[in-house]
Amino acid sequence: MENTVRVTALHKLPFNEALFKEDAGDLDDKEFRDQCRKNWENAWLVVVEFDGPEEDLEFASFGLGVEPGDEDNQGVWEEKVLKTSPSKTRAAFYLHHVDPKKTLWYGDEPLVLPPPTAAPKALLDEVPYCSPD
């Protein structure tokens with residue numbers, strides 16, 4: 001992976017009651033609704049820039065954990081390319097339970113997480129959140 005990746009933003013997902021209800025559905029299953037709420041309350045939106053074309057960006061190479069390639073590293077969720085050109089790709093994805101002490105890896109390349117900031121509404125609209133099943 002010779003292309004460079006940078007994390008340009010880290011946003012805690014703001015809780016949105018209406019979108020949460022839509023995500024959780026009409027089920028009365030308390031365990032399912034509690035899991036959805038836990039996901040919503042611990043989701044983070046990560047924005048990255050990649051020095052290369054979209055087709056060379058490997059979302060499966062991202063992992064949040066202790067060391068590169070660790071099978072316990074958390075993979076990305078709801079990944080989306082935001083903007084692309086032949087030489088640069090901007091993308092976003094969600095992670096859960098982000099601990100700034102852990103390293104976000106791209107392959108074996110450690111990435112620096114920036115300080116968290118508020119997520120712009122336009123970005124949240126472009127990359128909507130949905131709980132993992």
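Side-chain contact between Asn39 and Pro132: present, with at least one pair of heavy atoms (C-beta onward) separated by less than 4.5 Å. No side-chain heavy atom of Trp105 sits less than 4.5 Å from a side-chain heavy atom of Leu64. In this structure, the side chains of Leu57 and Glu55 stay at 4.5 Å or more apart for every pair of heavy atoms. Side-chain contact between Val46 and Tyr94 is absent, with no heavy-atom pair separated by less than 4.5 Å. Between Val47 and Arg90, some side-chain heavy-atom pair lies under the 4.5 Å cut-off. A heavy-atom distance below 4.5 Å is found between the side chains of Glu126 and Leu82. For the pair Val112/Val7, no side-chain contact is recorded, criterion being any heavy-atom separation below 4.5 Å from C-beta on. Looking at Pro53 and Lys88, their side chains never come closer than 4.5 Å, going by heavy atoms from C-beta outward.
Here the straight-line distance linking atom NZ of Lys80 with atom CZ of Phe59 works out to 10.5 Å at 0.5 Å rounding. For the atom pair Leu104 CG and Leu111 CG, the distance stands at 5.0 Å (nearest 0.5 Å). How far CD of Glu58 is from CD of Glu79: 12.5 Å, rounded to the nearest 0.5 Å. Separation of atoms OG1 (Thr4) and OH (Tyr106) is listed at 10.5 Å; rounding is to 0.5 Å. To the nearest 0.5 angstrom, Leu95 atom CG is 12.0 Å from Asp99 atom CG.
Between the side chain of Asn42 and the backbone N or O of Lys38, at least one donor-acceptor pair lies under 3.5 Å. The backbone N or O of Glu54 lies less than 3.5 Å from a partner atom in the side chain of Thr89, making a donor-acceptor pair. Put simply, the side chain of Thr103 never gets that close to the backbone of Pro110: no donor and acceptor are under 3.5 Å apart.
Take Pro116 and apply the side chain to side chain contact (heavy atoms under 4.5 Å, CB included) test, not counting sequence neighbours, and it matches Leu10, Trp44. Judged as a side-chain hydrogen bond (donor to acceptor under 3.5 Å, both in side chains), and not counting sequence neighbours, the contacts of Tyr129 are His96.
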Residue pair Phe93, Leu45: steps toward the side-chain contact (heavy atoms from CB on, under 4.5 Å) verdict: CA-CA 6 Å; Phe93 51 81; Leu45 183 57; 6.0 Å; no
Steps toward side-chain contact (heavy atoms from CB on, under 4.5 Å) verdict (Arg6, Asp51): CA-CA 9 Å; Arg6 292 169 302 288; Asp51 293 336; 3.0 Å; yes
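Between Val5 and Glu109, the shortest heavy-atom distance links the atoms O-OE2, 3.7 Å. Residues Ala118 and His11 approach most closely at O-ND1, 3.3 Å, considering heavy atoms. The two residues Cys130 and Trp77 make their nearest non-hydrogen contact at O-NE1, 2.6 Å. Closest non-hydrogen pair, Glu78 versus Pro128, comes out as OE1-O, 4.2 Å.
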